[in-house]
Amino acid sequence: MEDGESSTNNLSRPWESYNTVFTNAKAGMEGVDKEKVQRIVYEMSKGSKYFQNEERKEALMKQKIEHMRDRCAKLSSSDLSNYQKVVDRRILELEATRDLSRIWLHVDMDAFYAAVETLSNPSLKDKPMAVGGLSMISTANYEARKFGVRAAMPGFIARKLCPDLIFVPVDFTKYTHYSDLTRKVFKNYDPHFIAGSLDEAYLDITEVCRERGLSGGEIAEELRSSVYSETGLTCSAGVAANRLLAKVCSDINKPNGQYVLQNDRATVLTFISSLPIRKIGGIGKVTEHILKDALGIKTCEEMVLKGSLLYALFTQSSADFFLSVGLGLGKTDTPQVRSRKSISSERTFAATEDERLLYSKLAEIAEMLSLDMKKEGITARTLTLKLKTASFEIRSRAVSLQRYTCSSEDILKHATKMLKAELPVSIRLIGLRMSQFNEEIRHSDPSQETITKFIVQKDSSRQNLDDSDSIDLDASKIDGESLNLSFGSHETSYAQQKDVVEYEEESRIDADKVIPNQECENKEEKPRVLEGDALLIKHTDCKPDTSHSMNDNSNTQNTKAVSVFPQMEPLFWIDGYRCNLCGIELPPSFVEERQEHSDFHLAQRLQNEESGSSSSTRPAPKRRILGKEKANSKPKKQKPDQKEGSKHIPIHTFFTRSNQNS
DNA sequence: GGGTCTATCTTTG
DNA sequence: TTCCACAAAGATAGACCC
């Protein structure tokens, strides 16, 4: 954003006020002619829908800043002195948590994807190269960065900045392989290291330093050289008392360098005092502008100096975060394993209003998402539809389902309903996300606690199995489509989808009157889950459908039907590698994966049954769908699985206190 | 009034 | 010629429900 003196410049040099993410300094871009880059980016973007949307967002941000300035101006001196008391108290409390006993190391691979690509094709060395395509690039090597090309920049702009830029397509298999190699090295220094992403990690090297009598810097040197000899790739490192500082440090001598910040309070405070706020992980473009333009905070030190303003204008958690940053505090513990909270899939395409096309895209994405969920053995009950309109406006619509599911049919059915409500509109992106996972299934990770145990421990009051609502048990259907998992073959026809919507709408009122657990009642005749040992019987004699039992002898041992549920549709591997229940493909050699997969189907049935019965006592509300209609006898809902996740929160977004002084 | 759900925004790699 | 991704997470506010 402008610095205040640029209102006149805006007329002659309009690009100066066009803020992109690319204006932020990045390693390897020190000598770049920033004005030239900014001008080119502006010229390339000007007038586009994207640009217009950026302007809209910019205007909103300015409004926010103005609003905050107003509130700031209205604060009386007694208000401020009261807030200052709060700050003083919080400083004492935060100081009490300062832990200088740990040594954290943050490793960050240098231009990781680009470096890997150069390893496999050395002719790319010394040439400007970007990994990605014309719509977006993932990373650029240091040669390309000299031209202002960088990650998250559209390829067509990058090419304008650097006409000789070589584009290399993304290849995650390769990056994962190299990432695994680096992680083997990391493990030698901290078996519980935290992998931030494929190319970065946090290591608590306190113990290894103590055991070997080496300093953090010496360990960092050794680790980096070890990573290089194992992979041929360079990395940079930062060593400090906590993770927040270590991350900042790893960026200082990038590439192929390191920086050590001594573990003493005075050194930390000196280091942090002049540090620009944008260097802190969690402070992005928006927060930076709000803090700078509304409150005049540019450095971390100023967060402490202007603490009373922060506590007056921001929520407690945001203000706490700012203050702790200003004090150079950060996390020093090794967190528990963090599990994912949602899973999603989204695709961008040429903007269209064509309903038929949109429904078909939606079906593709539902299929992709369902497949990913099945691969991970996840079921969930909240579905969110994300749309990006042709004008880049983002919309999201969510619905919580009555039961946990991962089936593409379920996902598509509800997603279609939500999409229909938005039409007509020109759309360029559709995304689907599932959240609110069924924790019971996740916690029954076979490697930790077998599914068998999970089942045996279950309450014996269990009623019955689910129907095929969540998982398509109709193997013939899969066969009929030759198990081609490409989306075309699974595509739900436009007419079918419309039928779903219309049927749903017709039945809506009635459905709402129905007692919540009607589905479960309909399943009384379904076979009961057997308890204990009965569950362990593996039915190798269950004959798979003849149409699937291919006469390929080499596969027969892998196509044995294995059903842990007598009387239920058995699970077997068509052609030796395709699951007859969901169509997922797992080669015969994937013994463990196949076992886990069978366990997953088993657990899912249990879970469906479980959620079916629990929904009779606590059905999910259907607010949006119900509208104002009064849902009959809706018992109080409770969400036992929602609390845990909100405890350890590394990333902060900052919103102002709600309407407090406005 | 407290808990839950939805919509939106921000950040990160 | 090509015209701004994708996945995940957290924070927050307001609507809604009991």
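We name chains A, B, ... by the order of the sequence lines, and we start the count at 1 in each one.
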| Any side-chain donor-acceptor pair under 3.5 Å between A:Ser236 and A:Asp110? |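 A pair is found: one side chain offers a donor N or O, the other an acceptor, under 3.5 Å apart.
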| Side chains of A:Asn256 and A:Thr234: do they bring a donor and an acceptor to under 3.5 Å? |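 Checked: A:Asn256/A:Thr234 side chains show no N/O donor-acceptor pair below 3.5 Å.
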Looking at [options], which one has an atom nearest to any side-chain atom of [X]?
X        : options               : value
A:Thr348 : C:dA5, B:dT10, C:dA8  : C:dA5
A:Ser197 : C:dC6, B:dG13, B:dT8  : B:dG13
A:Lys64  : B:dC9, B:dT6, C:dC6   : B:dC9
A:Lys285 : C:dA11, B:dT11, C:dA9 : B:dT11
A:Arg395 : C:dC4, B:dT8, B:dT6   : B:dT8
A:Ser318 : B:dC5, C:dA8, C:dA11  : C:dA11

So [X], base contact, sugar-phosphate only, or nothing? Heavy-atom distance under 4.0 Å.
X        : answer
A:Lys386 : nothing
A:Leu198 : nothing
A:Ser48  : nothing
A:Ser345 : sugar-phosphate
A:Leu385 : nothing
A:Leu429 : sugar-phosphate
A:Lys388 : sugar-phosphate

Report the distance from atom [atom1] of [X] to atom [atom2] of [N], rounded to the nearest whole Å.
X        : N      : atom1 : atom2 : value
A:Lys247 : B:dT12 : NZ    : C1'   : 8 Å
A:Phe156 : C:dC4  : CZ    : C1'   : 6 Å
A:Phe167 : C:dT2  : CZ    : P     : 14 Å
A:Phe321 : B:dT12 : CZ    : C1'   : 12 Å
A:Lys49  : C:dC3  : NZ    : P     : 13 Å
A:Phe349 : C:dT2  : CZ    : C1'   : 19 Å
A:Phe172 : B:dG13 : CZ    : P     : 14 Å

| Is A:Glu54 salt-bridged to A:Lys57, going by a charged N under 4.0 Å from an acidic O? |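 Yes, this pair counts.
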| Evaluation steps, salt bridge (Lys or Arg N to Asp or Glu O under 4.0 Å), between A:Glu288 and A:Lys285 | CA-CA 5 Å; A:Glu288 180 189 28; A:Lys285 184 179 111 174; over 6 Å; no
| field | Axis bend over the full length of the helix from B:dG1-C:dC18 to B:dG13-C:dC6, computed from five pairs that close each end, to 10 degrees | value |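 Computed from the C1' atoms at both ends, the axes differ by 0°.
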| said: Nearest 0.5 Å, please: how far is CG in A:Leu233 from OH in A:Tyr178? | reply: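 Answer rounded to 0.5 Å: 6.5 Å.
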| task | Supply the atom-to-atom distance A:Phe112 CZ to A:Thr231 OG1, rounded to the nearest 0.5 angstrom. | result |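 Reported to 0.5 Å precision, the distance equals 8.0 Å.
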| Contact nearer the 5' end of DNA chain C, comparing A:Phe392 with A:Ser342 |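 Going by which nucleotide is closer to the 5' end, it is A:Phe392.
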| field | C:dC4 to B:dG13 separation - P atoms, rounded to the nearest Å | value |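 So the two P atoms sit 24 Å from each other.
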| task | Using only heavy-atom distances, decide whether a donor-acceptor pair under 3.5 angstrom links the side-chain of A:Arg159 to the base of C:dT2. | result |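 Donor-acceptor pair under 3.5 Å: yes.
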| task | Using only heavy-atom distances, decide whether a donor-acceptor pair under 3.5 angstrom links the side-chain of A:Ser45 to the base of C:dC3. | result |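 When only heavy-atom distances are counted, A:Ser45 does not reach the base of C:dC3 through any donor-acceptor pair under 3.5 Å.
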| query | So, A:Phe172 versus A:Tyr113, ring centres under 6.0 angstrom or not? | reply |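 Yes: the rings meet the under 6.0 Å criterion.
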| request: Please determine if A:Arg39 forms a cation-pi arrangement with A:Tyr42, meaning its NZ or CZ atom is less than 6.0 Å from the six-membered ring centre and no more than 45° off the ring axis. | output: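 Because its charged atom misses either the 6.0 Å distance or the 45° angle limit, A:Arg39 does not stack over A:Tyr42.
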